[in-house]
A.B. asks: 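Shown below is the structure under consideration.
Only heavy atoms go into these numbers, but all of them, side chains included; no hydrogens, no water, no symmetry mates.
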Amino acid sequence: MITDARVLQPEFIPTEVKHRDAELNTLSAALNPITHGDNADSAFLFGPSGVGKTCLAKFLVEQLRESVVDLNYQYVNCWEDYSRFKTLYRILDGINHTFDVHRQSTPKDVLLERLREYDGSPYIVILDEVDQLEDKQLLYELYRIRGLTMILIANSEQDLFASLDNRLNSRFQVCTRARFNPYGNDALVAILRDRVRWGLKSDVVSPDELRLIADMAAGDARAAIGILRKAVQTANQAGYNEVSSEVIRGVVPEAKAEIEQRSLDKLTDHQRVLYDTILDYGEIAPSTLFEIYSEAVENPKTQRMVRNYLTKLEHYNLIISKGSTKGRTYHPYSP
DNA sequence: TCTCCACCGGAATGCTTGGATG
DNA sequence: CATCCAAGCATTCCGGTGGAGA
């Protein structure tokens with residue numbers, strides 16, 4: 001049934017991008033100076049999840065690499081590497097300048113110094129989910145690095161610019177911005193059809209079924225492909241030779257839950273105890289939380305470590321902390 | 001308003017691990 | 001297979017902060 005499972009993976013980048021001609025041209029024009037050896041301006045991509053922002057950025061960089069031989073490139077997901085250190089580290093990693101710096105305790109800004117010393121070939125950095133970056137000031141410093149071009153990706157244009165100070169705002173005001181709208185159903189069907197053609201035996205999924213998946217995904221290509229993948233897996237395991245609409249309807253909740261579940265799965269047992277405790281109480285003071293946690297687990301970690309865990313839980317949008325210092329309480333996240 | 005102290009989070013350092021390398 | 005090392009995990013120490021209560 002499956003001939004190439006890779007094309008059903010979320011991180012797969014197709015060799016051609018459809019239905020994003022306008023955005024492609026905008027971004028392409030912004031990066032064009034690089035092909036002439038000039039500096040390109042940074043560019044912004046905005047839009048909800050699953051509309052092809054990351055995909056388009058990666059695709060374009062790949063395309064650029066075909067004509068610019070010595071183009072360096074690095075992809076950084078600021079959701080995962082949200083600290084100043086980690087982001088900088090990744091960026092240096094892309095040009096192999098990371099030797100002998102591997103500790104967070106490396107003196108203040110050696111990493112930035114290293115990057116300033118860089119005077120090699122053009123360097124494109126994709127900063128995905130840039131709104132998650134703690135230290136937005138870093139963007140200003142990166143902006144001033146010669147030869148470095150940033151592609152910045154975020155969900156909401158307003159939210160991102162609201163979190164930047166005036167200096168950054170005026171700098172980035174002139175940058176190219178591309179706004180991505182959710183895919184229409186026809187576009188989603190076309191995207192799915194390609195994936196089916198590349199990765200599955202013919203006649204496994206009928207056009208009507210593709211349309212059904214597109215309906216369920218509501219403009220989100222990542223969700224659509226996720227549903228398709230789950231449906232194919234399920235049908236495969238059950239020994240069917242095609243994907244029926246019953247199977248599709250059956251896996252939709254599962255496929256949607258998978259995305260939400262992913263951050264919970266990343267938690268360790270200890271983090272899970274903290275999360276469950278906060279869920280139980282609804283509102284809890286730090287000292288109480290630590291007491292309960294210490295009772296609940298075999299070898300409790302130190303308070304300091306628990307604070308790290310809580311920061312992580314908050315970062316994943318699983319909990320919220322309210323108030324500061326003495327008045328602080330933790331709550332479950334409510335959207 | 002002043003003081004106290006619970007709590008936060010940065011820095012320095014050690015321990016563990018998994019993956020690259022010879 | 002043994003070795004090495006980058007990178008994550010954990011602990012200790014500590015200075016700063018702001019809410020609570022005198």
A.B. asks: In this structure, how many angstroms lie between the C1' atom of dG8(C) and the CZ atom of R90(A), rounded?
C.D. replies: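 In whole Å, dG8(C) C1' and R90(A) CZ are 12 Å from each other.
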A.B. asks: Across nucleotides 10-22 of chain C, 5' to 3', mark each nucleotide with B, S or - according to how protein heavy atoms within less than 4.0 Å reach it.
C.D. replies: BBBB---BBB---
A.B. asks: Is there a ring-ring contact (aromatic ring centres under 6.0 Å, His included) between H331(A) and Y281(A) once you walk through the steps?
C.D. replies: CA-CA 8 Å; H331(A) 306 254; Y281(A) 277 69; over 10 Å; no
A.B. asks: What is the separation between atom CG on L310(A) and atom P on dC9(C), rounded to the nearest whole Å?
C.D. replies: 16 Å
A.B. asks: Should R20(A) and E23(A) count as an ion pair when the cut-off is N to O under 4.0 Å?
C.D. replies: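 Counted as a salt bridge, because a side-chain N and a carboxylate O are separated by less than 4.0 Å.
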A.B. asks: Is the F172(A) to F44(A) ring centre distance short of 6.0 Å?
C.D. replies: yes
A.B. asks: Write down the distance between CG (L289(A)) and C1' (dA6(B)), rounded to a whole number of angstrom.
C.D. replies: 14 Å
A.B. asks: Output the rounded distance in Å from CZ (F85(A)) to C1' (dG9(B)).
C.D. replies: 17 Å
A.B. asks: Can you confirm whether Y75(A) is buried at OH, in the sense that more than 12 heavy atoms of other residues, nucleotides or ligands lie under 6.0 Å from that atom?
C.D. replies: yes
A.B. asks: I need the CD1-P distance between I284(A) and dC7(B), as an integer number of Å.
C.D. replies: 11 Å
A.B. asks: Counting only side-chain N and O atoms of Y330(A), is one of them less than 4.0 Å from OP1 or OP2 of dC8(B)?
C.D. replies: yes
A.B. asks: Starting from C1' on dC5(B), measure out to CZ on R328(A) and report it in whole angstrom.
C.D. replies: 16 Å
A.B. asks: Out of Y309(A), Y333(A), W79(A), which residue meets the ring-ring contact (aromatic ring centres under 6.0 Å, His included) rule with H315(A)?
C.D. replies: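 Only one of Y309(A), Y333(A), W79(A) forms a ring-ring contact (aromatic ring centres under 6.0 Å, His included) with H315(A), namely W79(A).
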A.B. asks: Roughly, in whole Å, what's the span from CG in D81(A) to P in dA6(C)?
C.D. replies: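 Distance check: D81(A) CG to dA6(C) P gives 18 Å.
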A.B. asks: Nearest-Å distance, CD (Q303(A)) to C1' (dG10(B))?
C.D. replies: 17 Å
A.B. asks: Does Q173(A), at its CD atom, have more than 12 non-hydrogen atoms belonging to other residues, nucleotides or ligands within less than 6.0 Å?
C.D. replies: yes
